[in-house]
Amino acid sequence: LELGGKFSMGNAKQGSFVPYIEGALGLFDFNGNDVGFRIGIGASYMVTDSTSVDPYFSYLTTISGDKLNGHIIGLRLATRF
């Protein structure tokens, strides 16, 4: 469970490539519910005006419970309402 924000650096139109930065605070279930934060960068390739494919790279760390640090490399499909 996360709550955060994303700042896009460009205009999201079909066919465009839009870089972004993001950050979130959340509960991560490693050994119970640990509070942690995640910061990252990525880019959205706009398939339509409201749907994109987003490759991203994030750094994750927990600030309560077991101290964990790590990186996440991923690809997601996102739709904007």
Side-chain angles (χ1 to χ4, degrees):
L1 176 66
E2 287 185 326
L3 179 62
K6 180 190 280 189
F7 176 74
S8 297
M9 296 169 244
N11 201 357
K13 293 183 180 178
Q14 184 176 4
S16 64
F17 191 70
V18 182
Y20 63 85
I21 57 174
E22 63 182 353
L25 182 65
L27 293 175
F28 302 100
D29 189 16
F30 294 114
N31 286 335
N33 288 326
D34 299 324
V35 176
F37 69 90
R38 182 179 57 79
I39 55 174
I41 59 170
S44 298
Y45 174 72
M46 302 304 296
V47 179
T48 67
D49 284 343
S50 61
T51 304
S52 65
V53 176
D54 302 350
Y56 64 93
F57 177 80
S58 293
Y59 170 75
L60 172 86
T61 187
T62 56
I63 54 180
S64 71
D66 296 335
K67 183 67 175 164
L68 300 169
N69 294 308
H71 295 92
I72 302 170
I73 298 173
L75 182 68
R76 65 180 151 226
L77 182 65
T79 299
R80 291 144 183 88
F81 297 98

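When reading the values below, keep in mind they use all heavy atoms of this one structure, side chains included, and skip hydrogens, waters and symmetry mates.
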For K13 and D49, what are the C-alpha separation, side-chain angles and deciding distance, and is it a side-chain contact (heavy atoms from CB on, under 4.5 Å)?
CA-CA 5 Å; K13 293 183 180 178; D49 284 343; 4.3 Å; yes
Just so I know, are the side chains of R76 and P55 near enough to count as touching, which here means a heavy-atom distance under 4.5 Å?
no
Does the side-chain contact (heavy atoms from CB on, under 4.5 Å) test come out yes or no for I41 and Y56, once each step is laid out?
CA-CA 6 Å; I41 59 170; Y56 64 93; over 6 Å; no
Beyond-backbone contact of L25 with L3, side-chain heavy atoms, under 4.5 angstrom
no
Can you get from I72 to I63 by hopping between Ile, Leu, Val, Met, Phe, Trp and Tyr side chains that sit under 4.5 Å apart?
no
If I compare all heavy atoms of Y45 with all of D54, which pair ends up nearest, and what's the gap?
N-OD1, 4.3 Å
Kindly say whether F28 contributes a backbone atom to a donor-acceptor pair with the side chain of T62 at under 3.5 angstrom?
no
Any donor-acceptor pair under 3.5 Å from T61 side chain to G36 backbone:
no
Using modelled atom types only, decide if a donor and an acceptor are shared between the side chain of S44 and the backbone of M46 within a distance under 3.5 Å.
no
Spatial distance of atom CG (L68) from atom CG (L60) [nearest 0.5 Å]
8.0 Å
Take L27 and V35 through the test side-chain contact (heavy atoms from CB on, under 4.5 Å) and record every step on the way to the result.
CA-CA 5 Å; L27 293 175; V35 176; 3.8 Å; yes
Please determine whether a side-chain nitrogen of the Lys or Arg among D34 and K67 lies less than 4.0 Å from a carboxylate oxygen of the Asp or Glu.
no
Is a side-chain donor or acceptor of Q14 paired with a backbone partner of V47 at a separation under 3.5 angstrom?
yes
Should V18 and N11 count as side-chain neighbours, where that means a heavy-atom distance under 4.5 Å?
no
Within a strict 4.5 Å, meaning less than it, do heavy atoms of the H71 and F57 side chains meet?
yes
Decide yes or no on side chain to side chain donor-acceptor pair (under 3.5 Å) for R80 and S50, but give the supporting numbers first.
CA-CA 5 Å; R80 291 144 183 88; S50 61; over 6 Å; no
Quiz question: by atom type and distance under 3.5 Å, do the side chains of N69 and Y59 form a donor-acceptor pair?
yes
Please determine whether residues L77 and F17 belong to a single hydrophobic cluster, defined as Ile, Leu, Val, Met, Phe, Trp and Tyr linked transitively by side-chain heavy-atom distances below 4.5 Å.
yes
